[in-house]
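A quick write-up on the structure given underneath.
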Amino acid sequence: MSLSTSIHDLKTLILSHHPVIVMETLEEDRANALLREVARDLEKTFFEWSVAQGLIRIPDARGSMGTADPAKLLMHLKGLTVDAIYHLKDFSVHLRDPAVTRHFREVAQKFFRKGSSLVLTGVSIELPAEVEHKAAHYELKLPGRDELADVVRSVASSLRAVRDIRVDLRRQEHEELLRALGGLTLNQARQVISYGILEDGELSAADVENVLERKVQIIRDGGLLEYFPLEDNRFQLGGFARLKAWLERAAVGFSEQARDLNLAPPRGILIVGVQGCGKSLTAKYLAREWKLPLLKLDAGRLFDKYIGESEKNFRKAISLAEAMAPTVLWIDEIEKGLAPAGGDADAGLSRRLFGAFLTWLQEKREQVFVAATANDISMLPPELLRKGRFDEIFFVDLPGPEERDAIFRIHLALRKQDPAGFDLARLVEATDGFSGAEIEQAVIASLYRALHRKTALGTELLLAEIADLIPLSISRREDIETLRETARGRFLSVH
């Protein structure tokens, strides 16, 4: 989101006579700077408060005696007649005191009439029910291109004042750097740029790689998303001819020609089907073919024991994915995390997360392509399967002869075995009813057996290993037949 958009949205909230605005953010300084800009535009007086310094009028830094105490602050605010914006830092914790809550409600009522606003910032803000209904929640998005460009300029300028540094960035490299910085807070961007410049004395194209490495570490530390860099994505997909053809057509949706025709880029696909047949591999293959980084959302990690934290985790994960756009967001086994199976065993949390996901999927503007997978169709609610949610829903069945031949070739070559040295026709026939994962396991297990015997891997050894495996098509025959029957005529086959 651009800085001008953030300022406009906040001005709209304040001009709409919202007496309490809640802004959950780690970027307190950025929120403060944004509020100062809004106050200047609206010609309102600006105050900031913390329990450490009390109430201070900005920019003259004139303080009000005795206002460090939350209750005394609110009593002081009741007596003020100035039209102002008040930035209260980490104030929500003090609302656990009933007396402070009572004073707060009275101040909010007064501010509603005269147009002043209390803006509460903090990392995690919980309001009492009697205060919550008066509050408007504002989401401070991660910084956009303009703010990040300002950070790059300011860091380079400040470091140039203390040491000899060189800026060696062509226009395209500068744009690549700004795209790489997307998804970072201003402080994180400032730190990674400073580190890159101080390391070698220059700001150059090499710093793009430093930024991406730092971003990967931040994603890992956050624990919500897993990052697969484009250069590490070498996954191959055997068969799936119809899906590959669809991906080739859909790729034009990201082109300038599509934008000129007011065509929105494709929003995503849902892949359902038999376990071990390549659903997850499809997401990785898709990202490689479109030359996009891949983010994996583990829906199970969203859930938190504290009320409201799971929704915040979801918003945080989505915001990061949007900031890294264009990208592919892979949601594995969506039915286990975001798709409620009914009931209120989790106090409606699954339903709320599912609703938030559907809304985002329908309305998202950033180029985040969702590749969702599911094993159990029966757990997927109808809202997820209706036309328009995803661009297409694909069904992955057990691989046919041609697909099994391709799968054998891929896994043999991957492990430095020449496919031409094997009787692939016999191997394909012997693995009728096997999934791709089961074929891969047969190759791996037979290689271990060959190493143990100190002999080369051959067709007979592979066939012996295959004979010892019991595929899912036999051990769970009824489940697979039910799955096929449900999908027949409803979803597009990948083959």
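- Surrounding NZ of Lys134 are more than 12 heavy atoms belonging to other residues, nucleotides or ligands, all under 6.0 Å away.
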### Task
Determine, stepwise, if the pair Tyr86 / Phe111 fulfils ring-ring contact (aromatic ring centres under 6.0 Å, His included).
CA-CA 11 Å; Tyr86 299 86; Phe111 280 13; 5.3 Å; yes
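- In this structure, CZ in Arg145 is found 9.5 Å from CG in Asp150, a value given to the nearest 0.5 Å.
- The two residues Glu335 and Asp376 have their closest heavy-atom pair at OE2-N, 3.2 Å.
- Taking the ring axis of Phe394 as reference, the NZ or CZ atom of Lys279 does not stay both within 45° of it and closer than 6.0 Å to the ring centre.
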### Query
Is there a side-chain hydrogen bond (donor to acceptor under 3.5 Å, both in side chains) between Trp290 and Glu248 once you walk through the steps?
CA-CA 9 Å; Trp290 285 357; Glu248 187 176 345; over 6 Å; no
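- A donor-acceptor pair under 3.5 Å is formed between the side chain of Glu173 and the backbone N or O of Arg170.
- Under the 3.5 Å distance criterion, the side-chain polar atoms of Thr121 are left unmatched by any main-chain donor or acceptor of Met23.
- Remark: Arg105 does not engage Glu130 in a salt bridge, criterion side-chain N to carboxylate O under 4.0 Å.
- Here the CD-OG distance, from Gln275 to Ser280, works out to 10.0 Å after rounding to the nearest 0.5 Å.
- Counting heavy atoms of neighbouring residues, nucleotides and ligands inside a 6.0 Å radius, atom CZ of Phe112 does not exceed 12 of them.
- Considering all non-hydrogen atoms of both residues, Cys277 and Val396 come closest at O-CG1, 3.2 Å.
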### Stepwise side-chain hydrogen bond (donor to acceptor under 3.5 Å, both in side chains) test for His137 and Glu132
CA-CA 10 Å; His137 289 260; Glu132 179 65 47; 2.7 Å; yes
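- Residues Glu48 and Asn32 have side chains that bring a donor and an acceptor to within less than 3.5 angstrom of each other.
- With salt bridges taken as basic N to acidic carboxylate O contacts below 4.0 Å, none links Lys141 and Glu147.
- A salt bridge is absent between Lys114 and Asp83; no separation between the charged side-chain nitrogens and carboxylate oxygens falls under 4.0 Å.
- Using a distance-only test at 3.5 Å, with no hydrogens or angles considered, a donor-acceptor pair links the side chain of Arg259 to the main chain of Phe254.
- In this structure a side-chain-to-backbone donor-acceptor pair under 3.5 Å is missing from His103 to Met75.
- Without hydrogens or angle criteria, Ser92 side chain to Leu127 main chain gives no donor-acceptor distance under 3.5 Å.
- In this structure, the ring of Trp49 has its center less than 6.0 angstrom from the ring center of Phe91.
- A side-chain donor-acceptor contact under 3.5 Å links Lys364 to the backbone of Val368.
- Between Glu175 and Arg171 there is no salt bridge, since no side-chain nitrogen of the basic residue lies less than 4.0 Å from a carboxylate oxygen of the acidic one.
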